[in-house]
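Quick notes on the structure that follows.
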Amino acid sequence: MIDLKQLREDPDHFREAARAKGIVVDVDRLLELDEARRTLVAEQESLRSEQKRISKEMGPELGRRKGRLKKADAEEAAVLQREIAELEARPSELKALIQGLDERIELVEPEWRALWLKVPQPPASDVPPGASAEDNVELRRWSPDGFDPGTSFTEQKGFAPRTHLQLIEQLGLVDFERGVKMAGSRHYVLVGDGMRLHQAILRLAFDHMTQTHGFTPMSVPVIVREECMVGTGFFPSGREQAYHIEESQRGAGHDLFLTGTGEVGLMGYFADEIIDRERLPITCTTVSTCFRREAGAAGKDAAGLYRVHQFDKVEQVVIHEADEATHRAWHGRMLGYVEELLQQLELPYRLLQCCTGDLGAKNEDMIDVECWIPGRGKDGPDGRPLGDWGETHSASRLRDYQTRRLNLRYRDEDRKTVFPYALNNTVVASPRILVPLLEIHQQEDGSIRVPEVLRPYLGGQERIG
RNA sequence: GGAGAGGUGGCGGAGCGGUUGAACGCGCCGGUCUCGAAAACCGGUAUGGCCUUCGGGUCAUCGAGGGUUCGAAUCCCUCCCUCUCCGCCA
C-alpha cells in the first residue's frame, strides 16, 4: 500500500499513477474519508485523555465510597449514593461521547481502508506510458548461435517444426485426458521423460540460485491465510484468481487460499517483523507449486502446457535497504540470473519493458522475459504457425509497496524503522518453460535434444525420444 | 478427533478491576572506575497513529476481536496460536 502522508502531500501524483495504470480509484473520496477519520479520531483521543485523567484523579475515591456503601446504614447510604452519582456524572458523559465517535469512525473506516488498499504504486518515472501489453517496449534479445526468431524455423533448420502438443503426443510426455478426467480443464499429468524433464529443469534452476548465486533455499506454505494474500498485494483486487478453501464453513476460524506464486510465502515469512539491518539484503528462493484459477482467461491458450491451473515455479525474492539505486541494481542482477539460465538452456528470448498500463497495482517497474515459441502465433501461408514470443518470466520492482502492506521493516542507523524495498522474479516456471524447450530443441525425427546443462539432471541422457 | 494447560516488553518472569506502558532479573546502549578489560555502581532501553511553537504533547497496543464497567493486562464471550497426554497418520 502507499504512504498516506505522501498521498496528502501530493494527491496528483497518485491520481496520475492510477490513470497511467488504468486503475479506477476515487482519490478524492479517499482524501475526504481520511480527513474525516482523522478529525474524529483526534476528537475521540482528547476525550479519552480527559477520561483517563479523571479516572486517575477520582477513581480510588469512587472505589472507596462504593466499598463503604456496602456496609452503610440507610442514611449514610443515601449520602454516599448522591456523591457517587456526582462523581460518575462527567465520566459517564465522556463514555457516551466516546462511544458516539466510535460509531461514526466505524462508518467511514471500512471504505477508507478499502480505497487505501486500492491505490496503486506509482510507476517509476522512466516506465514508458501505454495502455496494454501492446505498448511494451523490447529492450534486447538473445538467441543461441545459428538461430534467429526473425526467420522461419523451417528455413533455418531444414524441416517444419512440430508444436509442443504434437511432440508431447508423439513422445508420450503428458497425459492431458487423464488430467482433465481427474481435475477438469487445464489439468494434465506429466508422464515419463515429461516428468523427468520437468523436475530436471526445476532442480537446475533451484541449484542455479542457491549454489551459483548464494540465495537461501526455503520451502513455503502454498496454503495460506488471507492476511498473506492481502499483505503481498494479491488481494483484494486479484481475489478471483485464487482458489479459496472455505474452512470456516466447516467450523474452523478462518479460510485458506492456495498461492499463485512462491512470492507469497517468501514475503509473508517476514511479515510483522523488524529485521536486523545486518541481515539485509535478504536473498531467498523457493520451488513451489502454484495454483491459478485463470478466471477471465476462458478460451485463451486452452490447449497444451502453456496456461494451466497448477504448475511449479522456482521464484527468487530480494529484500534490501530502502534505496533507489540499490533497487535498480538488484532488478538488473536478478534478470541477469534468468538470462544466464535461458542461455544455458539455449532458448531464444527477449526482454520487454512493460508499459504503465501493463504493470499491475503493486509494481513500480516490471520487465517480462519472453521465449520464442515456434508453434505459437498466427498460421502462415503453409498452414503452420509462424511462431511467436510467449511470456515465461516476470521481474517486478515493488519498492516499499509490499513491505508496507506486510508491515515488514528494518532499523536504520538512527534506530528508525524503515520499510525495505522488495523485488521478485521468476527463475523458471514449469511446465510452461517446456513449451519453448521442446519446440526449440526438437530434431527432424521428432526427438528432443537435451541441452547440456540439463543432462546431469537426467542421468546423462542426451536425447528424449 | 478426545482430555488438559497456557499465551505479558529482545528473553525470563510478576501483576487484590483504580497513578501498571507494565515490578524484578537477564540482555543491550551510555557513563563512573581502570593502562585496558572484567566486576561493581549510576542512568537509559517497545511499536504505531495523530498533533507540534520540534522542547514535546496525546492516544492505542499485555495473542486477536467483541462485551461488562466511571475505569480492564486483570472479569465474561468468540476466535487464533502453543504445549502435554491419548487416538489416527505420510
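Proteins get letters first, then strands, A, B, ... in listed order; numbering begins at 1 in each. Quick caveat, the model's predicted, so the values are computed rather than measured.
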ask   = For the residue pair A:H309 and A:H187, does the interplanar ring angle fall in the parallel (under 30°), tilted (30 to 60°) or perpendicular (over 60°) class?
value = tilted

inquiry  = Taking the P atom in each of B:rU8 and B:rC83, what is the distance between them to the nearest angstrom?
reply    = 14 Å

query = Going by number, which of residues 398-405 of chain A have a non-hydrogen atom under 4.0 Å from RNA chain B?
reply = none

request  = Check whether any side-chain heavy atom of A:D368 lies under 4.5 Å from a side-chain heavy atom of A:M366, and answer yes or no.
outcome  = yes

ask   = Within the structure, does a side-chain N or O atom of A:R38 lie under 4.0 Å from either OP1 or OP2 of B:rC51?
value = yes

inquiry  = Can you work out whether A:I274 or A:S49 has the more 5'-proximal nearest nucleotide on RNA chain B?
reply    = A:I274

ask   = Going by atom types only, do A:Q461 and A:R196 share a side-chain donor-acceptor pair under 3.5 Å?
value = yes

Whole-Å gap separating P (B:rG71) and CD (A:E50) = 14 Å

inquiry  = Students often get this wrong, so: under 4.0 angstrom with heavy atoms, is A:K5 touching a base, only sugar-phosphate, or nothing?
reply    = sugar-phosphate

query = Looking for any heavy atom pair under 4.0 Å, which part of the strands does A:R411 touch: base, sugar-phosphate only, or nothing?
reply = sugar-phosphate

ask   = Would A:E226 and A:R239 pass as an ion pair if we require N to O under 4.0 Å?
value = yes

ask   = 5'-most contact on RNA chain B: A:Q51 or A:R8, nearest heavy atom basis?
value = A:R8

ask   = Hey, does A:R37 reach any base, or is it just sugar-phosphate, or nothing, if we go heavy atoms under 4.0 Å?
value = nothing

task = In whole angstrom, give me the gap between the P atoms of B:rG48 and B:rG43.
result = 27 Å

note = For A:M1 and A:R405 the tightest heavy-atom approach is N-CG, 2.9 Å

inquiry  = Over 60° means perpendicular and under 30° means parallel, so tell me whether A:H327 and A:H320 are parallel, tilted or perpendicular.
reply    = tilted

key: Phosphate contact (B:rC70 OP1 or OP2) by A:K52 side-chain N/O below 4.0 Å   = no

key: Base of B:rG49 paired with side chain of A:E45 (donor-acceptor, under 3.5 Å)   = yes

key: Ion pair check, A:E462 and A:R449, cut-off under 4.0 Å   = no

ask   = How far, in whole Å, is B:rU45 from B:rC79 if one measures between their C1' atoms?
value = 34 Å

key: Atom-pair distance (CD on A:E109; P on B:rG65), nearest Å   = 12 Å

ask   = So does A:R463 pair up with A:D193, basic N to acidic O under 4.0 Å?
value = no

Main-chain N/O of A:A36 paired to A:W112 side chain as donor or acceptor, under 3.5 Å = no

inquiry  = With no hydrogens and no angle check, just 3.5 Å: does a side-chain donor-acceptor pair link A:S396 and A:K362?
reply    = no

key: Check: A:F419 ring centre within less than 6.0 Å of A:Y401 ring centre   = no

Sub-4.0 Å heavy-atom contacts from residues 91-105 of chain A onto RNA chain B, ordered by number = A:P91, A:S92, A:K95

request  = Take atom C1' in B:rU68 and the same atom in B:rU74, then report the distance between them in whole Å.
outcome  = 13 Å

inquiry  = Tell me the interatomic distance from A:E227, atom CD, to B:rG63, atom P, rounded to whole angstroms.
reply    = 18 Å

query = How about A:L423 and A:V317: do any of their side-chain heavy atoms sit closer than 4.5 Å?
reply = no

message = Whole angstroms only, please: what is the CD-C1' distance between A:Q44 and B:rU61?
response = 15 Å

note = Here the helical stems involving RNA chain B, each at least 3 consecutive Watson-Crick or G-U pairs closer than 3.5 Å, sorted by first residue number, are B:1-7 with B:80-86, B:10-12 with B:24-26, B:27-32 with B:40-45, B:46-51 with B:56-61, B:63-67 with B:75-79

ask   = How far, in whole Å, is B:rC24 from B:rU84 if one measures between their P atoms?
value = 33 Å

key: Test log, rule side chain to side chain donor-acceptor pair (under 3.5 Å), inputs A:Q402 and A:E263   = CA-CA 11 Å; A:Q402 202 172 39; A:E263 171 195 345; 2.8 Å; yes

task = Using a 90° cut-off around 0 for syn, call B:rG55 syn or anti.
result = syn

message = If I pick the C1' atom on B:rU69 and the same atom on B:rC75, what distance separates them, to the nearest angstrom?
response = 10 Å

